Asks: 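After the structure tokens below, expect a handful of questions from me.
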Amino acid sequence: MNALVPLPVLLPLCATGLSLAFGTRLKQFQRFISVAVLSAVLALSVALMIAADSRGPLSVHLGDFAPPVGITLVADRLSGLMLTVSSAVTLCVLVYSLGQGMADRDEETPVAVFHPAYLILVAGVSCTFLAGDLVNLYVGFEIMLVASFVLLTLGGTGPRVRAGSTYVIISLFSSMLFLTAIAMTYAATGTANLAQLAQRLGELPLGVQTLIQAMLLTVFAIKAAVFPLAAWLPDSYPTAPAPVTAVFAGLLTKVGVYCMLRTETLLFPGNRLGDLLMAAALASMVIGILGAVAQTDLKRLLSFILISHIGYMVFGIGLASREAYGGAIVYVAHHITVQTTLFLVAGLIERRTGTTELTRIGGLARAAPVLAALFFVPAMNLAGIPPLSGFIGKLGLMRAGVANGGVWAWILVVGSVATSLLTLYVMAKVWNLAFWRAAPPGQAADGTVLESDDENGGDEYADEGPDRMPGTGDEPVLHRHQPAGLAVAATLHGHAVTTTTKLPTLMTVATAAAVALGLSFTVLAGPLTSYTDRTAAELLARSPYIEAVLGR
């Protein structure tokens, strides 16, 4: 079973080569490779999760080189769950992108690069979850960074390049900080292997330990978009195509949360910086949700909610108890799925109405009842309405806060309740504007083609004095009318958007599958919470992980 551990990383990397080699000539083969490989990765992730739960952590030393020389990959309960959820989500998003026609109908963009970049992104995420040393963790981050920059800037439109530039600058800064932290750690301990670090860091002076811990937390907080290190996110994600935004918002920030969980439990037990983490959690919750309240564009609104709800996960890490870690892990799994689903729904709304600006749309509950249902379920889940999984995760965190009894814990409990209520308010506002009220006069008619201002540049179809739609910065401009379905919505180059009454089947099915995945956490709440409780106990024990890697 240990031999399966590297496959979630190796399969996407190998498939990337095949996709690049044959994708430009055999587009159907390229799509088949992507779907088949991600399905295989999902099956492998489930197998590793079950094996890690029944047998304990699984480890493999690549090339049979023992630590600290070799590369170590480890699959325990935490990484197994994260791999499973992320694999399911990335598969749903891939199917959604195929239905949207993103990857194969754009003649102006080298679209053959979409599938390879997406597979590299999946490989980077898997590498991060399985990494057994800090260097390999850094490599996973860099793989994700390269793929993310390509996906964010597909088409080269002005807004996407600007957003991608901001993202890559922030990511490069965090990478430099991460390299510095790794160098300091290796200089102080002689190793970068996590299991060996768990044994050696405790022997260092307290000041050195705290410095290394603070640097690593800063790196991971940037990746996770923890306030005040989250200013880059609302401007970077909404400009990308809907599937790209969905997988970034739902998954990539959770990679940072995972790294915080892993290092705080394995390398720095004792919760020395717990109060600082809880202060950051409270700030993320409050500032994020207040930012969401002020937004009228759905994508930006969801981006601020993302920042806010990262605070719940950091709250659990700051409490550092078994119940808190269990609640945080439940909430991570829940949030990956629900946040991804809501961004997929935002893409469907854009396909249906031509915009995600809430002041310009309405009447969707009557005009598109399936779309209304696909939004309503994850929206209530995100708000934490009982008995959905969002409520289960929040309840676990609040119970852990009450059990802690500290001042910061009680403040976070109150902040959690307030944030949840404000999230419900924001979701109700979206429902009222986009779905419940009558369609406003300015809503685009069925079959309207909208093009971004970047594409205009003297376009013979452009109206004099076009009406810019406020939003993410990738604002479309109304140009001409034609029958629905003759152009692709939200193409990779970001120019043409065609509104349609009938949503593409694959897009709808993929979104429905993501909704069902989120609901499965509610249906399987008992087994899920039991699993996360065992995961939290394993994280706090530390010895199973260390023994699996070092053999003693």
Side-chain angles (χ1 to χ4, degrees), residues 163 166-167 169-171 173-174 177-178 213-238 245 248-261 263-264 271 273-295 297 299-320 324 327-328 331-332 335-336 338-339 342-343 382-384 390 393-394 397-398 401 407-423 425-426 472:
T166 301
Y167 176 82
I169 289 170
I170 295 297
S171 297
F173 170 77
S174 66
L177 188 61
F178 196 6
Q213 182 181 8
M215 292 185 69
L216 290 175
L217 277 177
T218 302
V219 172
F220 302 145
I222 294 173
K223 301 292 185 183
V226 178
F227 186 85
L229 303 174
W232 57 271
L233 190 147
D235 292 327
S236 297
Y237 285 1
T245 303
F248 279 24
L251 185 56
L252 295 195
T253 51
K254 310 312 178 301
V255 171
V257 174
Y258 165 83
C259 293
M260 294 173 72
L261 263 171
T263 55
E264 287 299 294
N271 198 30
L273 301 181
D275 288 347
L276 179 62
L277 287 172
M278 285 192 278
L282 179 64
S284 297
M285 288 182 191
V286 174
I287 301 300
I289 198 61
L290 291 179
V293 169
Q295 301 304 311
D297 181 85
K299 289 182 179 180
R300 285 185 63 82
L301 180 150
L302 291 174
S303 297
F304 277 98
I305 289 181
L306 168 61
I307 295 171
S308 176
H309 284 238
I310 290 293
Y312 283 101
M313 307 165 210
V314 179
F315 176 25
I317 298 172
L319 287 175
Y331 206 80
V332 169
H335 200 260
I336 289 174
V338 171
Q339 194 77 38
L342 287 170
F343 272 102
L382 187 66
K394 291 174 183 176
L397 290 168
M398 291 178 195
V407 174
W408 270 113
W410 275 108
I411 293 174
L412 263 295
V413 169
V414 174
S416 299
V417 173
T419 300
S420 188
L421 292 174
L422 285 172
T423 302
Y425 164 77
V426 172
T472 64

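Heavy atoms only: backbone and side chains are in, while hydrogens, waters and symmetry mates are out. None of the values given here were measured: they were computed from a predicted structure. Residue indices begin at 1 and follow the sequence shown.
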Asks: Below 3.5 Å, can you tabulate the donor-acceptor pairs from side chains in residues 215-225 to any protein atom, sequence neighbours excluded?
Replies:
from	atom 1	to	atom 2	distance (Å)
Thr218	OG1	Ala214	O	2.8
Lys223	NZ	Ser174	OG	3.3

Asks: Output a table of donor-acceptor pairs, distance under 3.5 Å, between side-chain atoms of residues 309-318 and any protein atom two or more places apart or on a different chain; print 'none' if there are none.
Replies:
from	atom 1	to	atom 2	distance (Å)
His309	ND1	Tyr331	OH	2.6
His309	NE2	Thr423	OG1	3.0
Tyr312	OH	Ser416	O	2.7
Tyr312	OH	Ser420	N	3.2

Asks: Could you check if a side-chain atom of Thr253 sits within less than 4.5 angstrom of a side-chain atom of His335, using non-hydrogen atoms only?
Replies: no
Asks: Distance check, rounded to the nearest 0.5 Å: Thr245 atom OG1 versus Leu306 atom CG?
Replies: 11.5 Å
Asks: To the nearest 0.5 Å, what is the distance between CZ (Phe173) and CH2 (Trp232)?
Replies: 14.0 Å
Asks: What closest approach, in Å, do Ala231 and Pro234 show between heavy atoms, and which atom pair accounts for it?
Replies: O-CD, 3.5 Å
Asks: Restricting to non-hydrogen atoms, name the atom on Phe227 and the atom on Ala283 that form the minimum distance, rounded to 0.1 Å.
Replies: CD2-CB, 3.5 Å
Asks: Could you pull out the closest heavy-atom pair between Leu319 and Gly401, with the gap in Å?
Replies: CD1-N, 3.6 Å
Asks: Just verifying a value: how many Å separate Leu251 CG and Tyr258 OH, rounded to the nearest 0.5 Å?
Replies: 13.0 Å
Asks: Looking at residues at least two apart in the chain, or sitting in another chain, which of them share a side-chain contact (heavy atoms from CB on, under 4.5 Å) with Val417?
Replies: Met398, Leu421
Asks: Between Met278 and Asp275, is there a side-chain heavy-atom distance shorter than 4.5 Å?
Replies: yes
Asks: So, taking the atom named CZ in Phe343 and the one named OG in Ser303, what distance separates them when rounded to the nearest 0.5 Å?
Replies: 4.0 Å
Asks: Got a second to check how far Ile287's CD1 is from Leu282's CG, nearest 0.5 Å?
Replies: 9.0 Å
Asks: Quick check against the 3.5 Å criterion: does Gln213 have a side-chain atom that pairs as donor or acceptor with the backbone of Thr263?
Replies: no
Asks: To the nearest 0.5 angstrom, please state how far the OG1 atom of Thr419 sits from the CG atom of Leu412.
Replies: 9.0 Å
